Amino acid sequence: MTNFRTVELSPVPLYTQVKENLRERILDGTYPAHARLPAESELSTIFGVSRITVRQALSDLQKEGVIFKIPGKGTFVAKPKAFQQLTQLEGFGEAMSRMGYEIYNQVTSHKTIAATPHVAQQLQLPPGAEVTEIKRIRHLNREPVSLEVTYLAQDIGERLAREDLATRDIFLILENDYGIPLGRADLQVDAILADETLAHALRVQQGSAVLRIERLTHRADGAPLDFEYLYFRGDAFQYRLQINRRP
């Protein structure tokens with residue numbers, strides 16, 4: 001039988017003790033992704049608490065996305081979400097490769113278009129100016145995790161058409177190959193519901209929640225360089241940010 005730390009007399013509520021004990025077993029690999037947890041009655045016996053206490057602990061873990069329930073089959077450990085820190089400017093592939101993930105980009109479109117008013121404004125170009133639009137589906141460990149739509153000035157976009165965008169990050173190409181130092185990025189984050197196009201690209205149900213990010217990347221001298229719409233699957237990826245309170 002799996003070893004659990006028994007709950008103790010403590011100011012910490014019993015359900016919290018049960019929840020954290022289960023979380024430890026999940027994080028240390030005792031219960032790997034998609035493993036089935038013991039039934040509520042069994043957990044109640046193991047911890048010496050009521051089923052109501054166990055149910056509350058499981059409910060909290062489910063809200064946090066740590067576990068999920070399948071009616072009639074039981075409670076299972078959720079697959080951990082991949083994440084990227086927002087503390088520095090780096091490409092998705094650059095960040096994920098550093099963490100040991102397998103990355104593949106499916107380039108679905110690379111063409112010249114007339115910039116929409118919003119894209120033209122972001123890149124500080126005249127309305128209707130020609131820009132390069134690049135659409136890529138980013139795969140993490142062979143599963144689609146994001147759709148990225150990138151807009152760049154046409155001269156740079158045409159050069160990128162000759163690059164291996166299936167395996168390389170645009171940021172790294174711009175800096176290392178083209179000698180364009182990157183400065184900062186401005187981000188706007190919200191959530192939308194997946195339309196038919198997004199649902200197909202990300203292999204999610206139409207109407208599923210999708211994380212949307214608008215990112216405008218600047219050169220080191222402050223000039224706008226790269227404007228993107230990033231659409232991430234809400235069930236597979238998250239951004240993380242640590243902030244400090246300053247006096």
Side-chain angles (χ1 to χ4, degrees), residues 82-189 197-198 201-202 211-233 237-241:
F83 67 91
Q84 182 175 351
Q85 298 284 358
L86 283 179
T87 52
Q88 63 183 33
L89 175 59
E90 60 182 346
F92 175 76
E94 185 181 4
M96 295 299 99
S97 295
R98 178 167 46 79
M99 297 173 67
Y101 288 100
E102 176 190 357
I103 304 299
Y104 173 74
N105 308 317
Q106 179 186 357
V107 180
T108 61
S109 176
H110 191 139
K111 61 185 179 181
T112 299
I113 66 168
T116 65
H118 186 57
V119 170
Q121 179 185 31
Q122 293 296 311
L123 294 177
Q124 295 182 9
L125 296 171
E130 290 190 334
V131 295
T132 296
E133 177 191 74
I134 304 172
K135 293 183 179 180
R136 295 172 296 163
I137 300 175
R138 314 299 294 269
H139 291 75
L140 191 68
N141 291 345
R142 305 187 183 183
E143 294 185 1
V145 68
S146 73
L147 171 65
E148 302 192 2
V149 185
T150 302
Y151 298 94
L152 304 113
Q154 191 177 11
D155 59 337
I156 296 177
E158 289 179 347
R159 292 178 68 185
L160 287 171
R162 300 188 291 271
E163 306 293 349
D164 179 15
L165 299 184
T167 60
R168 299 190 65 196
D169 257 4
I170 289 178
F171 279 1
L172 293 179
I173 295 173
L174 294 176
E175 281 201 315
N176 299 337
D177 297 7
Y178 299 173
I180 303 174
L182 305 182
R184 72 177 198 279
D186 301 322
L187 285 80
Q188 295 186 31
V189 183
T197 299
L198 278 175
L202 300 179
L211 178 68
R212 177 178 64 182
I213 297 175
E214 286 189 22
R215 181 172 67 190
L216 175 62
T217 303
H218 302 259
R219 299 171 186 253
D221 62 8
L225 173 65
D226 172 308
F227 178 65
E228 297 172 286
Y229 291 104
L230 315 175
Y231 303 93
F232 286 93
R233 283 177 51 166
F237 188 80
Q238 62 183 205
Y239 273 106
R240 294 183 181 179
L241 175 65

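What you see is a predicted model, and the numbers here were worked out from it, not measured in a lab.
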Take His110 and Leu160 through the side-chain contact (heavy atoms from CB on, under 4.5 Å) test and state the conclusion after the steps. CA-CA 9 Å; His110 191 139; Leu160 287 171; 4.1 Å; yes
Residues 125-133, side-chain donor-acceptor partners within the protein, below 3.5 Å, at least two apart:
from   : atom 1 : to     : atom 2 : distance (Å)
Glu130 : OE1    : Gln154 : NE2    : 3.4
Glu133 : OE2    : Tyr151 : OH     : 2.9

If you look at every heavy atom in Leu202 and Val145, which pair is closest and at what distance? CD2-C, 3.9 Å
Go through the steps for Asn105 and Leu165 under the test side-chain contact (heavy atoms from CB on, under 4.5 Å), then give the verdict. CA-CA 7 Å; Asn105 308 317; Leu165 299 184; 5.7 Å; no
Once you measure the plane-to-plane angle for Tyr229 and Tyr231, does it fall in the parallel (<30°), tilted (30-60°) or perpendicular (>60°) bin? parallel
Kindly indicate, with the supporting measurements, whether the criterion side-chain contact (heavy atoms from CB on, under 4.5 Å) is fulfilled by Glu148 and Phe232. CA-CA 9 Å; Glu148 302 192 2; Phe232 286 93; 4.2 Å; yes
Does Gln124 reach the main-chain N or O of Pro224 with its side chain, forming a donor-acceptor pair under 3.5 Å? no
If you round to the nearest 0.5 Å, how far is CZ of Arg215 from CG of Asp186? 11.5 Å
Could you work out, with salt bridge (Lys or Arg N to Asp or Glu O under 4.0 Å) as the rule, every residue matching Arg159, not counting sequence neighbours? none
If you measure from CD1 on Ile156 to CG on Asp226, what distance do you get to the nearest 0.5 Å? 9.0 Å
Look up atom CD in Glu175 and atom CD1 in Ile180, then write down how far apart they are to the nearest 0.5 Å. 9.5 Å
Quick one: does any side-chain atom of Asp169 pair with a main-chain N or O of Phe171 as donor and acceptor, under 3.5 Å? no
To the nearest 0.5 angstrom, please state how far the OG1 atom of Thr217 sits from the CZ atom of Arg184. 10.0 Å
Could you grab the distance from atom CG of Leu216 to atom CD of Gln121, nearest 0.5 Å is fine? 10.0 Å
Arg233 side chain vs Pro144 backbone, donor-acceptor pair below 3.5 Å: yes
One should read off an interatomic distance between Glu228 CD and Ile170 CD1, to the nearest 0.5 angstrom, of 6.5 Å
